[in-house]
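Reminder, nothing fancy here: chain letters follow the sequence lines and each chain counts from 1.
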Amino acid sequence: MKPLNGEFYLRDTLMIARDLLGKYLVRKSDGTYLIGRITETEAYIGASDKACHAYGKKMTPRTKTLYEQGGTSYVYLVYGMYHCMNVVTEPKDEAAAVLLRGVEFVKGLEEAAIFRYGEELEALSKYQLKNFSNGPGKLCKAMGITREQNNMDLCGQEFFITDYVEGIENPTFEVGISSRIGIDYAEEAKDFPWRFFISI
DNA sequence: TTCAGGATGTACT
DNA sequence: GTACATCCTGAAC
C-alpha cells in the first residue's frame with residue numbers, strides 16, 4: 001500500500017476529481033488503518049468558480065491551505081458542526097481542490113463505528129450502516145478527520161490516498177457526472193458539471 | 001418513505 | 001447580524 005505519487009495532484013483538477021473515484025483514503029489512527037474507497041467527489045477551482053472558498057484570489061486564514069501545492073489536505077468546518085475533507089490540487093499558489101463527499105469502508109469499520117456513532121459496530125441499525133459515510137460530514141466523522149488534519153502532506157505514511165490495498169479487489173465501475181450539491185448561492189457556477197460519482 | 005426545522009462556529013457584511 | 005461545500009430528528013404520509 002503506497003501513497004499516490006505527488007505528481008498525481010499537480011494535474012488538471014477535474015481530471016483528478018474523476019481519477020480519485022475508486023481510490024482509497026487511508027488514515028492511520030492509534031496504529032490501526034481506517035481505509036475507505038472513494039465513491040463521490042466534487043471539484044472546486046478558485047480561478048473560475050464562485051462556489052470556491054478562494055474565488056477571486058480570496059485569502060483568509062481558512063482558505064490559505066487551498067493555495068498550497070497539490071497533494072495537501074484541506075479540512076474545514078461547515079455549518080458550525082461538520083468537517084469537510086478536500087484534496088488540494090495544482091501547483092502552489094493556484095487555489096483549487098477536490099472535496100471528498102463519500103467513501104465505502106474496506107478496512108477499520110469497527111473503529112470507524114466508534115468515531116461515527118460512539119457505538120460498537122454490532123449495535124448499529126441498518127439505517128445507520130446505510131448512512132455511515134455517504135456524505136462529506138459523515139465520512140470525516142467516521143474517519144475521525146478534524147481540523148487537526150488540515151494542511152497535511154498526503155504523500156506521508158499516516159494520511160494518504162492509494163490506488164491499491166492488499167487483499168482488496170478493485171471493482172470496475174461507471175462514472176456519473178452532475179452539478180454540485182449545496183451551492184445554490186453560486187450563480188452560474190452552481191450548474192457546472194463538476195461532481196463525479198460511482199454509479200454502478 | 002419523505003420533509004421541515006434546528007444545531008452550531010467561523011468568516012465576512 | 002447573516003450565511004454557510006451538512007446532518008439529524010421528529011412528524012406526517
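Within the 4.5 Å cutoff, no side-chain heavy atoms of A:P136 are placed close to those of A:E42. Looking at heavy atoms from C-beta onward, A:M1 lies in side-chain contact with A:I35 at the 4.5 angstrom threshold.
Contact between the side-chain N/O atoms of A:R62 and the OP1/OP2 oxygens of B:dG9 is not found at any separation under 4.0 Å. Close to B:dC12, at under 4.0 Å from its OP1 or OP2, lies a side-chain N or O of A:T60.
In this structure, of B:dC12, B:dA7, C:dT6, it is C:dT6 that holds the atom nearest to the side chain of A:Y82.
Here B:dC12 presents its P atom at 14 Å from OH of A:Y76, a figure rounded to the nearest Å. The nearest whole Å value for the distance from the CZ atom in A:R195 to the C1' atom in C:dA5 is 12 Å. Atom CG of A:N131 is separated from atom P of C:dC7 by 9 Å (rounded to the nearest Å). Rounding to whole angstrom units, OH of residue A:Y79 and P of C:dC8 are separated by 14 Å. The separation between A:K58 atom NZ and C:dA3 atom C1' is 11 Å, rounded to whole Å. In this structure, A:E42 places its CD atom 14 Å from C1' of C:dC4, rounding to the nearest Å. Distance, A:F132 CZ to C:dC8 C1': 16 Å, rounded to whole Å. Atom-to-atom, CZ of A:F115 to C1' of C:dC7 comes out at 19 Å; the value is rounded to the nearest Å.
The base of C:dA5 sits with one of its N or O atoms less than 3.5 Å from a complementary donor or acceptor on the side chain of A:H53.
Using a 4.0 Å cut-off between charged nitrogen and carboxylate oxygen, A:E187 and A:K50 count as a salt-bridge pair. Using a 4.0 Å cut-off between charged nitrogen and carboxylate oxygen, A:K92 and A:E68 count as a salt-bridge pair.
Across all strands shown, C:dC4 forms a Watson-Crick or G-U wobble pair with B:dG9, both key distances being under 3.5 Å.
A:R116 comes within 4.0 angstrom of sugar-phosphate atoms only, judged by non-hydrogen atoms across all strands, and of no base.
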